[in-house]
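All remarks here apply to the structure that follows.
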Amino acid sequence: MKIGTINIDWFLKKETTQNLILEKIKQQDFDFLIVTENSDAFYLPDNYFVYHSNALPLNSEYENLDYGTYLKGKQAFRTSIFSKYPSIKKNVVQDAFTSVCHSFLIGEKEITVYGTIIGTWGILHQKTVAKKELLHFLIDSESFRNYQNVIVAGDLNTSFIVSENRELSQVNSRAIFELQAKKINLSIVTAQIPQNIDHFLLSESLNCVATSVFMDETELKDAYHKGIAAIIE
């Protein structure tokens, strides 16, 4: 099974970059793709089911941004799950505007996929926005104990390579993610990818045999963000 995650920055890139993003994703033939900072301008082939976090309001400011004006009327979704499999259950999350969680049946195995952003504004507004999103993740993640096979994916705005000095330092995101992952038996399988803040955390029951970068920051035109893939045996 192949999974991917990518932040597309609301799909506001130049048309050439948009087309490259779509081409690179289609080449991967993902079973699951978690897209952060998504909009309804982004699309995948019809053989994918799509499950969004709640649509962000377009007629008022929401957490420091008027999305309707910023995206020129396009609908914004902070997180979306694209899946080749239909959902068998929508799971409750603390912040439905930022996170989305569904369970899927693959053969006889149930897989739960949780997509999120921690630090929607990157390193800005850490004490107001990022702290709240991190707290919501911690609460949500406690429920992962109820599921045998969990995939957590998304934009964590955190590098797990200490020397890179890239994290939400005001909320100590690196240490908190590492501690919580250990507490609930998740492995941060993307931790050693350099200059990377988009990650997968997998249940130890899921055997990750490879991780890779399918689109780097120079192609994506977005520093530190990459398109990340993982293969689960």
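The chain is numbered in sequence order, starting from 1.
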*With respect to Arg78, which candidate in Asn54, Thr98, Thr116, Asn38 satisfies the side-chain hydrogen bond (donor to acceptor under 3.5 Å, both in side chains) definition?*
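For Arg78, the side-chain hydrogen bond (donor to acceptor under 3.5 Å, both in side chains) check succeeds only for Thr98.
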Would you say the side-chain atoms of [X] pair up with the backbone N or O of [Y], donor to acceptor, closer than 3.5 Å?
X      : Y      : result
Asn7   : Asp155 : no
Ser205 : Gln148 : yes
Trp10  : Thr36  : no
Glu110 : Ser103 : no
Gln28  : Ala229 : no
Ser143 : Ser141 : no
Glu142 : Ile139 : no
Ser203 : Val150 : yes
Asp95  : His136 : no
Ser187 : Val189 : no

Nearest atoms (heavy-atom pairs only) where [X] meets [Y]:
X      : Y      : answer
Leu134 : Val171 : CD2-O, 3.9 Å
Phe104 : Pro86  : CD2-O, 3.5 Å
Gly115 : Ile34  : CA-CG2, 4.0 Å
Ala223 : Glu217 : CA-CB, 4.2 Å
Tyr43  : Leu22  : O-CD2, 3.2 Å
Ser53  : Ala96  : CB-O, 3.2 Å

Scan side-chain atoms only and decide if [X] and [Y] contain a donor-acceptor pair under the 3.5 Å cut-off.
X      : Y      : value
Tyr114 : Asn91  : no
Glu167 : Thr158 : no
Glu63  : Thr120 : no

_Tell me which pairs pass ring pair (Phe, Tyr, Trp, His ring centres under 6.0 Å) where either residue lies in residues 193-233, with sequence neighbours left out._
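For residues 193-233, and leaving out neighbouring residues, the ring pair (Phe, Tyr, Trp, His ring centres under 6.0 Å) pairs sorted by first residue read Phe30-Phe214, Phe160-His199.
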Counting only heavy atoms not in [X], do more than 12 fall under 6.0 Å of its [atom1]?
X      : atom1 : value
Lys90  : NZ    : no
Asn47  : CG    : yes
Glu61  : CD    : yes
Gln27  : CD    : yes
Asn165 : CG    : no

*asked:* Show, in sequence, the C-alpha distance, side-chain angles and deciding distance for Ile25 and Ile21, and conclude whether the side-chain contact (heavy atoms from CB on, under 4.5 Å) test is met.
replied: CA-CA 6 Å; Ile25 289 173; Ile21 291 171; 3.8 Å; yes
Looking at [atom1] of [X] and [atom2] of [Y], how far apart are the two atoms once the value is rounded to the nearest 0.5 Å?
X      : Y      : atom1 : atom2 : answer
Phe32  : Ile151 : CZ    : CD1   : 6.0 Å
Ser159 : Ile193 : OG    : CD1   : 10.5 Å
Leu202 : Ile111 : CG    : CD1   : 9.5 Å
Lys183 : Leu179 : NZ    : CG    : 7.5 Å
Asn157 : Gln126 : CG    : CD    : 8.5 Å
Gln180 : Phe144 : CD    : CZ    : 9.0 Å

Do [X] and [Y] have side chains that approach each other closer than 4.5 Å (heavy atoms only, starting at C-beta)?
X      : Y      : answer
Asp29  : Lys84  : yes
Ile232 : Met1   : yes
Leu168 : Ile118 : yes

*So does Lys13 pair up with Asp222, basic N to acidic O under 4.0 Å?*
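So Lys13 pairs with Asp222 through a salt bridge.
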*From CA spacing to verdict: side-chain contact (heavy atoms from CB on, under 4.5 Å), Ile228, Asn196*: CA-CA 9 Å; Ile228 302 297; Asn196 178 53; 3.6 Å; yes
_Output field: ring centroids Tyr51/Phe82 closer than 6.0 Å_ =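 No, ring centres 6.0 Å or more apart.
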_Quick check: Phe77 with Phe97 (ring centres under 6.0 Å apart)?_
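Here the rings of Phe77 and Phe97 have centres that are no less than 6.0 Å from each other.
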I'd like to know if [Y] and [X] are part of one continuous hydrophobic network [Ile/Leu/Val/Met/Phe/Trp/Tyr, side-chain heavy atoms within less than 4.5 Å].
X      : Y      : result
Leu44  : Ile81  : no
Leu20  : Leu12  : no
Ile176 : Ile197 : no
Tyr147 : Ile3   : no

*Passes side-chain hydrogen bond (donor to acceptor under 3.5 Å, both in side chains), Asp40 versus Gln75? Steps please.*
CA-CA 5 Å; Asp40 59 4; Gln75 185 60 67; over 6 Å; no
